[in-house]
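For reference, the structure is listed below as structure tokens.
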Amino acid sequence: MDKIDLLSLSRDELTQYVVSLGEKRFRADQIWGWMMKGHTLDEMPNVPRSLTDKLKEISYVPMPAVDEKYVSTDGTVKYLYRLYDGERIESVLMHYEHGNTVCISTEAGCPMGCAFCASTLNGISRRLMPSEMLGQVIMTMRDSGERVSNIVMMGIGEPLDNYDNVMRFLRLVGNEQGMNIGYRHISLSTCGLVDKIYDLADEGFPITLSISLHASNDETRSALMPVNKRWNIEKLLTACRDYFDKTGRRISFEYTLVGGKNDTEADAAELASVLKKYCGTMPLHVNLIPVNNVAERGFVSGNRHSIDRFAQCLEARHVTATVRRRLGSDINASCGQLRAKKSATSVAPEN
Ligand code: SAH
């Protein structure tokens with residue numbers, strides 16, 4: 001019999017479950033309260049042992065456990081979490097003026113194969129359950145003692161490749177009786193699974209969608225991101241425009257600058273023109289990310305001057321651009337780098 005994952009249940013589902021075992025409703029409230037504080041069934045002092053023992057036979061709470069933790073000189077904290085089956089994933093706690101933000105992983109590894117990314121070096125082990133995404137937020141708050149007001153799904157994995165679990169996670173995290181983090185404070189980043197972008201538009205979550213674009217033409221994008229061979233720039237940007245038309249939510253485009261590959265002024269001009277061609281009816285914003293060097297990949301970032309020039313070139317064409325602050329660069333805060341190090345001895349899949 002498969003054990004029930006209590007932390008993936010909504011509050012109502014948990015109550016129904018506990019009541020179905022012949023228990024009072026307030027026991028469910030107690031269990032819920034402890035789980036939201038990052039406790040497992042072994043750490044619920046006011047719940048009778050007989051009940052937690054019974055629950056442990058038929059259910060479990062797959063709360064991630066802090067395996068390693070690194071604190072950057074800028075205060076950014078990187079967590080390496082161990083999951084119930086020994087898989088490892090990463091989360092990052094960042095401090096911004098608009099509040100504390102936690103960047104979470106959605107999969108253990110990643111199947112997408114982007115050339116510059118450490119998360120995909122060994123392929124994917126498995127998708128994360130809703131509880132394991134929620135658990136990253138809860139444990140980061142428990143460990144740091146800090147409240148988190150923003151969530152970004154920009155850690156390890158492709159959120160839209162784990163669609164159903166990510167949707168359930170969104171419902172759990174936005175639940176008014178639970179974590180109650182507003183959807184406007186949640187961002188989801190995708191490499192561009194176009195069919196799922198259309199599905200997401202139908203869900204009606206007012207989250208922020210980020211698109212990892214990283215190139216202004218198909219040749220460069222396909223070389224950096226294999227997903228582009230399935231859905232090219234035209235299909236992706238058309239989906240973005242349709243998403244905006246349907247939801248009214250603006251989209252943020254992510255562009256990782258890789259020295260010598262996509263960082264010239266001509267690239268910036270082409271980027272502005274392709275965005276206007278397909279998405280000219282929406283406000284255009286590009287977030288520039290200096291590539292974090294991943295030794296295994298041999299990519300280097302351009303210098304600060306070329307990054308600023310790229311940004312100016314976009315602005316001159318009425319595309320707003322920001323350069324992402326490199327928080328935590330001294331602690332390998334780019335997701336996937338620690339996990340890759342930990343599994344360096346495992347064999348990479350052939351592809
Ligand atoms: N799979 C999702 C979310 C995870 S990656 C996506 O592709 O959007 C989060 C962001 O970091 C993406 O924009 C990704 O392209 C970028 N990224 C990955 N490796 C990087 C690196 N070495 N340097 C800079 N950005 C990187």
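Start at 1 and go down the list; that is how both ligands and their atoms are numbered. Here, residue 1 is the first one in the sequence, and each next residue gets the next number. This structure is a prediction, so every number in the text was calculated from the model and none was measured.
- Residue Phe116 approaches ligand 1 through these ligand atoms, each under 4.0 Å from one of its heavy atoms: 15 (O), 17 (N), 18 (C), 19 (N), 20 (C), 21 (C), 22 (N).
- Ring planes of Tyr60 and Tyr84: perpendicular class, angle over 60° (limits at 30 and 60°).
- Close contacts of ligand 1 with Val291, meaning ligand atoms under 4.0 Å from a residue heavy atom, involve 21 (C), 22 (N), 23 (N), 24 (C).
- For ligand 1, the atoms lying closer than 4.0 Å to a non-hydrogen atom of Cys117 are 18 (C), 19 (N).
- Under a 4.0 angstrom heavy-atom cut-off, Met225 registers as lying outside contact with ligand 1.
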side-chain contact (heavy atoms from CB on, under 4.5 Å) for Met179 and Ile151? Distances and angles first, verdict last.
CA-CA 12 Å; Met179 299 224 90; Ile151 297 173; over 6 Å; no
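- An N or O contact shorter than 3.5 Å is missing between Met153 and ligand 1 by distance.
- Two residues are said to be in side-chain contact when any heavy atoms from C-beta on lie closer than 4.5 Å; Leu160 and Val166 fail this criterion.
- Not counting sequence neighbours, the partners of Leu41 by the side chain to side chain contact (heavy atoms under 4.5 Å, CB included) test are Leu6, Met44, Thr52, Leu55, Lys56, Ser59, Val61.
- Interface atoms of ligand 1 facing Ser212, defined by a heavy-atom separation under 4.0 Å, are 6 (C), 7 (O), 8 (O), 12 (C), 13 (O), 15 (O).
- Residue-ligand proximity, His214 to ligand 1, at heavy-atom distances under 4.0 Å covers atoms 13 (O), 14 (C), 15 (O).
- By the 4.0 Å N-to-carboxylate-O rule, Lys229 lies too far from Asp218 to be salt-bridged with it.
- Residues forming a side chain to side chain contact (heavy atoms under 4.5 Å, CB included) with Ser125 (at least two apart in sequence, or on another chain): Glu87, Ala108, Arg339.
- Of all the atoms in ligand 1, the ones that sit under 4.0 Å from a non-hydrogen atom of Gly155 are 4 (C).
- For Glu254, no nitrogen or oxygen atom sits less than 3.5 Å from a nitrogen or oxygen atom of ligand 1, counting backbone and side chain alike.
- A salt bridge links Lys54 with Glu23: at least one charged nitrogen is closer than 4.0 Å to a carboxylate oxygen.
- Relative orientation of the His214 and Tyr255 rings is perpendicular, given thresholds of 30° and 60° on the angle between their planes.
- Heavy atoms of Gly192 come nearer than 4.0 angstrom to ligand 1 in no pair at all.
- When the heavy-atom distances from atom 1 (N) of ligand 1 to Cys191, Gly157, Pro290 are ranked, the shortest goes to Gly157.
- With a 4.0 Å heavy-atom cut-off, ligand 1 is reached by the backbone of Thr190 but not by any atom from C-beta on.
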